[in-house]
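As structure tokens, the structure follows; a few thoughts come after it.
Ligands are counted one by one from 1 in listed order, and the atoms in each one are counted from 1 as well. FYI, side chains are in, hydrogens and waters are out, and symmetry mates aren't considered; it's all heavy atoms of this structure.
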Amino acid sequence: MSDHPKEECGVFGVAAQGRDVGRLCFFGLHALQHRGQESAGIAVSDGTHVMVQRELGLVSSVFDEPALRSLTGDSAIGHVRYSTTGKNKWDNAQPVALPRGDGLVALGHNGNLTNSDALRRRVTDLGHELRATTDSELITALLAHEPGSLLDAVCNVMPLLQGAYSIVVLTEDELVAFRDPNGVRPLVLGRIDGGWVVASETCALDQVGAEFDREVRPGEAVRLTPDGTEGRQAMPPTSRALCIFEAIYFARPDSIIDGQAVWQARHDMGVQLARESTPGADLVVGLPDSGTPAAIGFANQSGMPFSEAVVRNRYVGRSFIQPDQELRATGVRLKFNPLESVIRGKRLVVVDDSIVRGTTTRRTVQMLKDAGALEVHLRISSPPITWPCFYGIDMADRDELIAVGQDEAGIAAAVGADSLHYLTLEGLQRAMGRPADGYCRACFTGDYPIPVPDASGKERFEATTGAAPSR
Ligand code: SF4
């Protein structure tokens with residue numbers, strides 16, 4: 001229904017004695033399904049062999065009971081993936097696995113590298129034939145050629161990588177998690193009965209009954225065993241650049257990112273939004289589900305009542321919505337139905353967290369007006385997106401972004417709304433209660449914390465490097 005950036009990827013890993021690690025991985029990935037719905041995979045090691053199973057589709061459709069029963073061992077990693085159009089092929093599903101010595105190395109990656117072209121040349125020079133089109137395969141190939149322990153190999157390869165990465169990697173006898181020196185994507189460690197867990201978000205720890213221990217530090221590589229963890233600061237942490245969109249939209253609202261409750265952060269963005277611009281209206285509504293916390297915050301601050309105005313059909317999978325616009329329009333009708341009895345004759349404040357192209361927003365506004373809304377005032381709980389993301393998020397090309405070259409009045413007219421206001425950058429930071437340094441905000445400012453080869457458009461980037469973001 002809403003017009004969001006496309007999700008990225010989720011990773012999970014577990015090392016635990018006497019536990020059903022394949023099943024734990026399955027549940028962990030299930031909790032991370034919002035981060036990627038196009039493919040899912042699990043790799044398990046029993047100490048002598050690594051077995052990988054990956055397929056296109058949702059976690060629950062990729063793994064049935066017989067599959068889970070076959071995934072036995074002491075350690076496992078898993079991955080859910082979102083990919084761009086045309087790149088959603090089986091070869092790009094993860095974990096990526098390549099021979100390493102007498103065994104296998106399997107890897108799951110959330111993020112995107114910005115020096116894939118240089119790495120591609122390096123990997124080709126090593127004699128490796130690339131099968132997939134993801135930068136994750138490049139990292140796996142580099143690890144496959146590094147001798148020694150997996151932790152040593154990771155520490156040797158990390159300085160070669162530029163960009164955003166939160167990664168889990170598994171061999172027969174080691175499970176290692178590592179994170180880029182800017183800490184763009186989240187990665188957390190948790191204790192579980194019998195061992196240790198690593199995950200993109202704390203909601204996955206909750207799902208498997210693990211207790212949050214700490215974040216993987218930017219630039220750190222951590223080996224997980226049933227008995228404990230061994231962390232090594234493989235690279236000095238540089239300026240912290242946690243993706244601020246994790247708090248705005250990507251992370252699940254019940255997760256804690258960098259010590260901050262995501263639901264509360266979104267609620268406070270809504271409060272700040274109401275402080276900045278409250279129109280005369282009758283009712284505040286959020287677009288399910290991601291706009292709801294900010295809509296509640298807006299209602300609390302403005303004193304206007306909050307109501308549901310749209311019912312979502314929860315049985316239409318998110319992967320059902322295809323990236324092309326015609327199918328997106330069909331998806332709106334399949335997934336959402338307006339509550340005419342609530343809407344008719346009312347002036348609505350509609351709170352959503354972001355607008356990318358505006359196409360879906362326009363259809364949503366029309367749907368609410370068709371259901372009898374007298375006025376629709378859009379309030380967006382993030383600043384205008386005016387730059388593409390090079391760190392693992394599909395934001396569309398710059399010339400497709402509705403906020404490029406248009407002010408709020410122009411965008412309101414383009415989507416058919418009676419008024420529109422975006423949360424200011426200052427307001428966003430105030431709502432977060434933290435200073436701007438420490439966050440990547442490049443899609444709002446164009447100020448990229450990690451060098452990108454060409455900031456003018458994602459397609460050109462992909463064409464030059466030949467690499468698709470692995471997310
Ligand atoms: S450009 Fe935007 S979406 Fe990408 S990492 Fe930075 S803040 Fe996140």
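- Looking at Glu408 and His421, their side chains do bring a donor and an acceptor atom within 3.5 Å of each other.
- With respect to atom 6 (Fe) of ligand 1, the closest heavy atom belonging to the protein is Cys440 SG, 2.3 Å.
- Atom numbering of ligand 1 starts at 1 in the shown order; those under 4.0 Å from a heavy atom of Cys443 are 1 (S), 2 (Fe), 3 (S), 7 (S).
- If you number the atoms of ligand 1 from 1 as listed, the ones under 4.0 Å from a heavy atom of Ile393 come out as 3 (S).
- Between the CZ atom in Arg214 and the OG1 atom in Thr229 there is a gap of 5.5 Å [rounded to 0.5 Å].
- Checked for salt-bridge contact, Asp117 and Arg122 miss the test: no charged N lies under 4.0 Å from a carboxylate O.
- Side-chain polar atoms of Asp268 and Gln264 form a donor-acceptor pair below 3.5 angstrom.
- Counting only heavy atoms of the protein, atom 4 (Fe) of ligand 1 lies nearest to Cys389 SG, 2.3 Å.
- Not a single N, O or S atom of Cys243, from either the backbone or the side chain, sits less than 2.8 Å from atom 2 (Fe) of ligand 1.
- What sits closest to atom 5 (S) of ligand 1 on the protein, heavy atoms only, is Arg185 NH2, 3.3 Å.
- In this structure, Phe245 has its ring center closer than 6.0 angstrom to the ring center of Phe444.
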